[in-house]
Number of protein chains: 2
Amino acid sequence: MLETGLQSLPNLTVQQLEYLVAATDHPTRAAAAATLGVTPSALTQGLAELERRVGLPLFERHGRHTELRHQATEVLTHARRVVAETRDLARWAAAQRSGSAGVVRLGTIDAVAVQHRAEAIRAFHSNHPEVDLHLTVAPSGSLLEGLVGGDLDLIVCVEPVRASEGVAFTHCFDEPLHVYAPEGELRRPPSQWGPWVTFPSDSHTRAVIASGLANAGAPFDVVAESNQPEVLREMVRLGLGWTVLPPVAGTTAGSGMAAARSEPVAHRHLVVGRREGSPPDPAADALAVVLIGPGAGR
Amino acid sequence: MLETGLQSLPNLTVQQLEYLVAATDHPTRAAAAATLGVTPSALTQGLAELERRVGLPLFERHGRHTELRHQATEVLTHARRVVAETRDLARWAAAQRSGSAGVVRLGTIDAVAVQHRAEAIRAFHSNHPEVDLHLTVAPSGSLLEGLVGGDLDLIVCVEPVRASEGVAFTHCFDEPLHVYAPEGELRRPPSQWGPWVTFPSDSHTRAVIASGLANAGAPFDVVAESNQPEVLREMVRLGLGWTVLPPVAGTTAGSGMAAARSEPVAHRHLVVGRREGSPPDPAADALAVVLIGPGAGR
DNA sequence: GTGTTAGATTCAGAGATACTGAAATAATAG
DNA sequence: CTATTATTTCAGTATCTCTGAATCTAACAC
């Protein structure tokens with residue numbers, strides 16, 4: 001929290017600095033005024049106001065055409081710099097507005113980034129090369145925190161059981177969750193399923209799993225936890241317990257684990273989350289469209 | 001003559017950028033408004049206007065206190081830079097105004113820089129270390145050209161016979177001009193003086209000399225010319241002719257030349273010249289004072 | 001829950017500011 | 001000297017920006 005200082009700065013405007021630049025770049029003020037699209041009168045008054053605010057005389061009259069004082073070159077340099085910087089800023093803002101440029105900080109859970117929306121993200125990246133896309137892969141809870149904390153602009157996560165404050169969700173797609181057991185332990189009734197290796201207790205997916213297992217009449221005693229699906233699969237292969245996961249190609253046959261039944265025990269709802277009441281962000285909007293859109297996933 | 005481009009830039013004001021900086025540097029807008037010395041209302045409206053001109057939303061409301069969007073850091077960076085540059089400019093302008101800094105391009109004839117005002121110039125230089133003093137030594141005619149052409153700010157020269165357009169002269173001091181002859185040619189009546197070695201025909205001093213010699217009843221046939229007094233003296237010593245010069249210590253005795261009579265044949269008027277109607281220049285004013293002032297010389 | 005308080009915004013009006021167009025001034029060209 | 005053109009000054013209008021009051025909202029106390 002820096003003290004800004006009590007001496008009030010002169011309230012120079014970009015327009016006045018443009019006037020100065022134009023006046024020095026054109027032989028006559030009439031020409032300068034014409035390119036600026038104002039009357040010579042406006043130019044005269046604007047430059048007079050600038051002189052008043054800087055507190056120094058900037059021009060010297062030589063006959064008919066006024067010339068910049070050599071002492072005023074400092075002011076002219078300042079004017080050129082500020083005008084150029086403002087022009088850059090205006091260009092940048094225009095790009096931001098049109099969505100053709102900008103920064104989007106996207107967060108997704110692993111399955112979305114690696115599997116379901118990998119192609120959509122890749123396509124967006126190549127279709128919008130000017131958009132600086134930052135991808136964070138994390139569990140849904142962390143994503144949600146990042147979103148409300150302002151560290152992320154857009155997330156794809158598992159719909160939380162309790163609606164979060166200040167976050168707007170849009171449904172994206174549903175993903176079936178199947179029960180997997182170590183090979184050789186299949187075909188038991190649900191009441192004898194388990195014990196379980198699954199996601200940590202703060203996991204949204206775990207809440208969905210718990211609810212699904214309860215509906216199926218299965219117990220839910222957890223003996224091991226991990227956020228990584230691959231770790232869970234390995235634990236199952238090692239015979240530590242059962243798990244519930246989305247189906248993965250090539251996981252079902254001869255790999256030490258198999259689906260306990262063909263129907264999923266639950267579905268997790270994948271949603272796109274945005275901060276509620278956040279100002280329009282064209283780049284993030286464009287990305288959200290391809291993430292939600294029906295033809296977006298493969 | 002660069003084309004400034006037809007897209008009109010947003011007319012951002014330094015004040016609006018200050019608002020932005022203050023708003024991000026203070027936890028609450030009330031505090032920011034207080035340090036700026038305006039009401040919170042003004043701050044709100046000013047920031048809203050800034051958003052409108054940039055064309056992008058800059059803030060995001062989190063509960064009670066609004067926070068800068070991360071996308072707006074570009075704008076904030078711009079604001080900080082411009083505010084800092086403007087503060088520098090204001091400081092520089094204040095120094096210029098007070099005369100404690102600045103650039104003064106002084107032009108004098110040789111005798112003034114080397115002899116009559118050498119001490120005054122040296123003292124000014126050490127008393128005003130922040131003033132960047134450029135000294136040009138040249139004949140009066142060149143000095144006058146430089147002054148009206150804008151290459152010099154202040155000159156000390158021989159008063160021209162015809163008042164120059166657009167130049168304001170202030171009397172500085174008078175300098176006697178004596179007739180010097182080669183040793184052994186003294187004590188002739190003026191009608192037999194000469195021939196002469198003297199300044200070139202465009203010299204102001206030569207005009208004064210010509211007039212003085214005419215008054216004394218002496219002829220004025222010139223056989224050699226130079227702008228440098230030392231060259232003229234050497235020519236006299238070599239017996240090429242007579243000359244008229246200001247007295248120089250140590251020149252009178254046993255050096256091959258001597259004064260033809262004790263009274264000066266003319267006086268040249270040294271004046272300080274400024275461009276007429278030139279805007280106030282405190283640094284040049286201060287220097288002019290010590291050059292003119294009665295206690296200024298050695 | 002409700003009430004209170006402080007921060008932030010909105011609104012209306014006063015004052016400052018910046019523009020246009022007309023008139024006046026100054027300087028160059030014929 | 002006159003005509004022409006560049007520039008400035010002036011008056012009036014439109015816009016902008018401020019203050020102060022009212023309103024709204026979120027956080028806090030009870």
Side-chain angles (χ1 to χ4, degrees), chain A residues 1 8-20 22-55 57-69 148 150 165-167 275-279, chain B residues 1 8-20 22-55 57-69 148 165-166 275-279:
Chain A
M1 195 187 315
S8 63
L9 292 183
N11 183 21
L12 311 183
T13 72
V14 167
Q15 198 164 40
Q16 286 164 352
L17 299 178
E18 271 191 283
Y19 282 9
L20 177 60
T24 59
D25 282 350
H26 291 271
T28 72
R29 294 203 162 178
T35 65
L36 289 168
V38 297
T39 61
S41 171
L43 187 63
T44 296
Q45 296 175 79
L47 287 174
E49 182 61 28
L50 178 63
E51 283 188 326
R52 215 167 302 132
R53 293 188 185 179
V54 172
L58 302 178
F59 294 94
E60 208 160 317
R61 306 192 49 172
H62 279 96
R64 179 134 91 183
H65 72 112
T66 61
E67 228 174 288
L68 199 71
R69 299 182 76 196
V148 300
E165 284 289 317
V167 178
R275 253 188 313 286
E276 216 156 37
S278 75
Chain B
M1 197 187 314
S8 63
L9 291 184
N11 183 20
L12 311 183
T13 72
V14 167
Q15 196 163 39
Q16 287 165 351
L17 299 178
E18 270 191 286
Y19 283 9
L20 177 60
T24 60
D25 283 349
H26 290 271
T28 72
R29 294 201 163 180
T35 65
L36 288 168
V38 297
T39 61
S41 171
L43 186 63
T44 296
Q45 295 174 83
L47 288 173
E49 183 61 29
L50 178 62
E51 284 188 326
R52 216 166 301 130
R53 293 187 184 178
V54 172
L58 302 178
F59 293 94
E60 209 158 315
R61 306 192 46 172
H62 279 96
R64 179 136 89 187
H65 72 114
T66 61
E67 229 175 286
L68 198 72
R69 300 182 76 196
V148 299
E165 283 290 315
R275 253 189 312 285
E276 215 156 37
S278 74

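Numbers restart at 1 for each chain; the letters A, B, ... are given by sequence-line order, proteins then strands.
Note on B:Ala30: only backbone sugar-phosphate atoms sit closer than 4.0 angstrom, heavy atoms only; bases stay farther off.
Rounded to an integer number of Å, the gap from B:Leu47 CG to D:dC18 P is 10 Å. Put simply, CZ on B:Arg52 is 13 Å from P on C:dT9, counting in whole angstrom units. Distance, B:Gln15 CD to D:dC16 P: 15 Å, rounded to whole Å. The distance between atom CD of A:Glu18 and atom C1' of C:dC19, rounded to the nearest whole Å, is 16 Å. Per the geometry, CG belonging to B:Leu12 stands 11 Å off P belonging to D:dT17, to the nearest Å. Between A:Asn11 atom CG and D:dC16 atom P there is a gap of 15 Å when expressed in whole angstrom units. In this structure, A:His26 atom NE2 and D:dT7 atom P are separated by 12 Å, rounded to whole Å. Whole-Å rounding puts the B:Leu43 CG to D:dG20 P distance at 16 Å.
Closest to the B:Tyr19 side chain, of the nucleotides D:dC18, D:dT8, C:dC19, is D:dC18. Residue B:Arg53 places its side chain closer to D:dT17 than to any other of D:dT17, D:dT7, C:dT9. Nearest nucleotide to the side chain of B:Arg29, out of C:dA8, D:dC18, D:dT8: C:dA8.
In this structure, B:Glu18 contributes its side chain and A:Asn11 its backbone to no donor-acceptor pair below 3.5 Å.
Counting only heavy atoms from C-beta outward, the side chains of A:Leu50 and A:Tyr19 never approach each other to under 4.5 Å.
Rounded to the nearest 0.5 angstrom, B:Arg52 CZ and B:Leu58 CG are separated by 11.5 Å. Rounding to the nearest 0.5 Å gives a distance of 12.5 Å between CZ of B:Arg53 and CG of B:Leu9. The CZ atom of A:Arg69 sits 9.0 Å away from the CD atom of A:Glu51 when rounded to the nearest 0.5 Å.
Annotation: the terminal axes of the helix from C:dG1-D:dC30 to C:dG30-D:dC1 meet at 30°, where each axis is the rotation carrying the C1' atoms of four end pairs onto the next four (5 pairs per end, rounded to 10°).
Put simply, B:Thr39 has a side-chain N or O that comes within less than 4.0 Å of OP1 or OP2 on D:dT19.
Each of B:Glu49 and B:Ser41 has a nearest nucleotide on DNA chain D; the 5'-most of these lies closest to B:Glu49.
A:Gln45 contributes a side-chain N or O that forms a donor-acceptor pair with the base of C:dT20 under 3.5 Å.
The nearest pair of heavy atoms linking A:Thr66 to A:Arg29 is OG1-NH2, 3.0 Å. Closest heavy-atom contact between B:Ala30 and B:Pro40: CA-CG, 4.4 Å.
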